[in-house]
Amino acid sequence: MEENKNLSTTYNPKEFEERIYKNWEEKRYFTPAADKSKKPYTIVMPPPNITGQLHLGHALDNTLQDILIRFKRMQGYAALWLPGEDHASIATEVKVEAELLKQGLKKKEIGREAFLEKLWEWTDTYRDRIRTQLKKMGVSADFSRESFTMDDNLDKAVRHVFVKLYNEGLIYQGNRITNWCPKCQTALSDAEIEYEEKEGSFWHIKYPLVDCDEFLEIATTRPETMLGDTAVAVNPKDPKYSHLIGKKLLLPLMNREIPIIADEYVDMEFGTGAVKITPAHDPNDYLVGKRHNLPEIRVMDDRGVINSLGGKYEGLDRYEARKEIVKDLEAQGLLVKIKPHTHNVGTHDRCSTVVEPIISKQWYVKMESLAKPAIEAVKEKKTKFVPERFEKIYFNWMENIQDWCISRQLWWGHRIPVWYCDHCGEIIVAEEVPNKCPKCQNTDLRQDNDVLDTWFSSALWPFSTLGWPNKTEDLEYFYPTSTLVTGYDIIFFWVARMIFSGLHNMGEVPFENVLIHGIVRDSEGKKMSKSLGNGVDPLEVIDSYGADALRFMLVTGNAPGNDIRFYPERVEAARNFANKTWNASRFVMMNLDKDIMKKYKDNKNYSLADKWILSKLNSLIREVTDNLDRFEIGIALQRYMILYGQNSVIGI
């Protein structure tokens, strides 16, 4: 009692947040055991990338998870919140490579092993930093079970799945069109591409018909790719061109004959209604080429430089080649006009280089048979999206899914468990390093240089973190997990892949619910970014106002799936409200004594006012419990604020 009377008159979280958190950890409040007498409730934390500071999006994501896990912990569940980090292949490699360049070192000069040592040094530093940041945010996660996508057991899980899928005929190697970064010289996933609206041009070019004076006019935003054209397509229903289908054109500058083909892919109303087809440099053209058995002529190397198949333009960068091609077309009277054109251009999100679609040899996962049960699982509500409207995004992607390119031309990541025998040409796919070729007994084997797409290991996160493929007590008790909390921007990149991976490897869905939240925008509704300079460091906010004030602000008015805006004044108002709660609690504690506690030990001494207060409390508990069970976290907070008479404090 005496300690309570000495409480500070001012709410100052710096004095107690770190001390209280340390006490929680020491008493292992966040470390549940596999207790058969209790019902488990599990959340796996979406693993932040080891590339830098956590941002407000992480603060929101973890605040929502923390509320749910503490709620279930209070209800008596064995509540596990499992934290961890993602190795983020490309992002981390780009960061470390940039740091080395500052020291005058280049990745390829120091070699793979030395570069990986630098990456592990980076990993240790940033994992520790992320762990510290999460604790400062007050997350009640079980750091004794913390995982990392490159941990030995998670690497074992990755190799196990690769070999399993390969043996089932679901992994194959093939030449297909891929998104390619000429700077990083690696294939990219859709998740690693940002589309920016840029001012460009439509170049209208004459393609002469063979043996007559007619020509077709086509329009392109990428003249340099015409060097690899293998056809021009028109819509079979277009009366303007029906008489030309099957005839030949002379490809300008290359003097190569190419056919005019009919394909419904062509939009008769767009451009000239005639489309150049370059199967090796455009994903749509690639599909058209497959339908019509067209040659695939790749005219650029991995650096985006024109190769020997590009004729006189060999050795020129793609944009230098564009200038020369346009100049030559104009000189030959084949350039009709140039029209300004605004269009979305795909760039690599890590280095801002414009992505080049290129045919290359990669490893792929066949997706059709994996997607089907994952679609059914959501339709049957084995996994439920909150809000339900986000099922449409999931179904749209899964029902139109393409085979998944899983190889990356990087050094950081899970190296593909494939070895080649150059002596006899045998390919060995194995979980452990083979000692010799099973076909010719040669011991000089060469491992595939590529690593796996980061999402390949992330897809296994709900069960690999619990010990799979080993049969562990944690896996048996805590899987499947209960709720996944994540943003709407990675439903198909991560959520969908976890669902089909869980079903295929574990035989059941990885989580019962997927709570989708929006992104945190600035006070004007703009997306926060370094380029705009409107980002907010959550740790600086915590340093000024405390973790509770930041978390309170992030939850205020929060509705599943909706974006929220960050208002500094609302954080300050939340801090002021916390101060009022602090002082009210202090007042009560200062007036508690043994006689009062003895008097109220038995409810027969309760006054009418006491009973009214308890009735309001029980009603609030019931309503808030119902709200939290429905993931209506913002509404639950609002009910408390209204009861407290503070519904206008922070703008509710």
Side-chain angles (χ1 to χ4, degrees), residues 198-235 238-263 265-286 288-289 292 294-300 304-307 309-314 316-345 354 356-358:
K198 292 190 175 185
E199 296 296 325
S201 299
F202 253 138
W203 283 269
H204 287 248
I205 304 166
K206 292 179 181 178
Y207 279 44
L209 270 79
V210 174
D211 299 329
C212 73
D213 295 331
E214 290 186 68
F215 63 86
L216 273 184
E217 182 181 325
I218 63 95
T220 180
T221 58
R222 300 158 67 214
E224 63 277 10
T225 63
M226 68 181 291
L227 305 176
D229 285 357
T230 55
V232 167
V234 298
N235 193 295
D238 193 335
K240 299 192 302 293
Y241 302 122
S242 58
H243 66 291
L244 297 177
I245 295 170
K247 294 191 175 182
K248 298 279 188 178
L249 294 165
L250 190 64
L251 179 62
L253 308 179
M254 300 301 289
N255 295 320
R256 184 172 69 243
E257 290 188 5
I258 59 175
I260 300 173
I261 62 174
D263 197 286
Y265 155 70
V266 181
D267 183 351
M268 292 184 289
E269 306 301 322
F270 185 75
T272 65
V275 178
K276 60 188 284 301
I277 302 298
T278 320
H281 291 277
D282 183 275
N284 293 317
D285 292 4
Y286 174 80
V288 173
H292 296 270
L294 296 175
E296 297 165 349
I297 303 175
R298 176 175 163 172
V299 296
M300 291 183 206
V305 172
I306 305 300
N307 61 26
L309 297 178
K312 63 176 282 191
Y313 306 100
E314 181 182 0
L316 295 178
D317 171 81
R318 53 183 169 164
Y319 297 121
E320 293 172 350
R322 178 183 294 182
K323 292 176 184 177
E324 293 302 312
I325 287 168
V326 170
K327 188 189 298 181
D328 289 346
L329 288 169
E330 189 171 20
Q332 294 180 25
L334 297 174
L335 184 65
V336 180
K337 58 185 175 182
I338 303 174
K339 291 180 64 176
H341 177 61
T342 302
H343 60 144
N344 284 327
V345 177
V354 174
E356 188 67 44
I358 285 179

*Asks:* Could you go through Val299 and Tyr313, starting from their C-alpha distance and side-chain angles, then the distance that decides it, and tell me whether this counts as side chain to side chain contact (heavy atoms under 4.5 Å, CB included)?
*Replies:* CA-CA 10 Å; Val299 296; Tyr313 306 100; over 6 Å; no
*Asks:* Do you know the tightest heavy-atom contact between Arg222 and Lys276?
*Replies:* O-NZ, 4.5 Å
*Asks:* My understanding is that only residues two or more places apart in sequence, or in another chain, count here; which of them pass ring-ring contact (aromatic ring centres under 6.0 Å, His included) with Phe270?
*Replies:* Phe202
*Asks:* So, taking the atom named NE2 in His204 and the one named CG in Leu329, what distance separates them when rounded to the nearest 0.5 Å?
*Replies:* 13.5 Å
*Asks:* With side chain to side chain contact (heavy atoms under 4.5 Å, CB included) as the criterion, how do Val336 and Lys206 come out once you've worked through the C-alpha distance, each side chain's angles and the decisive distance to 0.1 Å?
*Replies:* CA-CA 7 Å; Val336 180; Lys206 292 179 181 178; 3.5 Å; yes
*Asks:* Walk me through it: do Ile218 and Met226 pass the test side chain to side chain contact (heavy atoms under 4.5 Å, CB included)?
*Replies:* CA-CA 11 Å; Ile218 63 95; Met226 68 181 291; over 6 Å; no
*Asks:* Could you give the distance from NZ (Lys312) to CD1 (Ile325), rounded to the nearest 0.5 Å?
*Replies:* 9.5 Å
*Asks:* Is the number of heavy atoms from other residues, nucleotides or ligands under 6.0 Å of Lys240 NZ greater than 12?
*Replies:* yes
*Asks:* Is Leu249 close to Leu251 at the side-chain level, that is, under 4.5 Å between some pair of heavy atoms?
*Replies:* no
*Asks:* Test Val234 against Leu244 for side chain to side chain contact (heavy atoms under 4.5 Å, CB included), laying out the working first.
*Replies:* CA-CA 9 Å; Val234 298; Leu244 297 177; over 6 Å; no
*Asks:* Taking the side chain as everything from C-beta on, heavy atoms only, tell me whether Lys198 gets closer than 4.5 Å to Val354.
*Replies:* yes
*Asks:* Distance from Met300 atom CE to Glu356 atom CD, nearest 0.5 Å?
*Replies:* 4.0 Å
*Asks:* Is there a side-chain contact between Ile260 and Tyr241, using heavy atoms and a 4.5 Å cut-off?
*Replies:* no
*Asks:* Could you report the tightest heavy-atom contact between Leu227 and Gly310, atom names first, then the distance?
*Replies:* CD1-O, 4.0 Å
*Asks:* What's the separation between atom CZ in Arg256 and atom OG1 in Thr230, rounded to the nearest 0.5 Å?
*Replies:* 7.5 Å
*Asks:* If I compare all heavy atoms of Asp229 with all of Thr225, which pair ends up nearest, and what's the gap?
*Replies:* OD1-O, 3.5 Å
*Asks:* Can you find a pair of side-chain heavy atoms, one from Glu217 and one from Lys337, that are under 4.5 Å apart?
*Replies:* yes
*Asks:* Give me the atom names and distance for the closest heavy-atom approach of Val288 to Asp263.
*Replies:* CG1-OD2, 4.0 Å
*Asks:* For a 4.5 angstrom cut-off between non-hydrogen side-chain atoms, does Glu224 reach Thr278?
*Replies:* no
*Asks:* Would the number of heavy atoms belonging to other residues, nucleotides or ligands and lying under 6.0 Å from CD of Gln332 be above 12?
*Replies:* yes
*Asks:* Glu324: what forms a salt bridge (charged side-chain N to carboxylate O under 4.0 Å, His left out) with it, not counting sequence neighbours?
*Replies:* Lys327
*Asks:* Which heavy atom in Ala219 sits nearest to a heavy atom in Thr272, and how many Å separate them?
*Replies:* N-OG1, 4.3 Å
*Asks:* Heavy atoms, side chains only, cut-off 4.5 Å: are Pro295 and Pro279 in contact?
*Replies:* no
*Asks:* Could you check if a side-chain atom of Val266 sits within less than 4.5 angstrom of a side-chain atom of Asp238, using non-hydrogen atoms only?
*Replies:* no
*Asks:* To the nearest 0.5 Å, how far apart are NE2 in His343 and OG in Ser201?
*Replies:* 8.0 Å
*Asks:* For the residue pair Lys247 and Asp211, establish whether any side-chain heavy-atom pair is separated by less than 4.5 Å.
*Replies:* no
*Asks:* Between Ala321 and Ile306, what is the shortest heavy-atom contact and its length?
*Replies:* CB-CG1, 3.6 Å
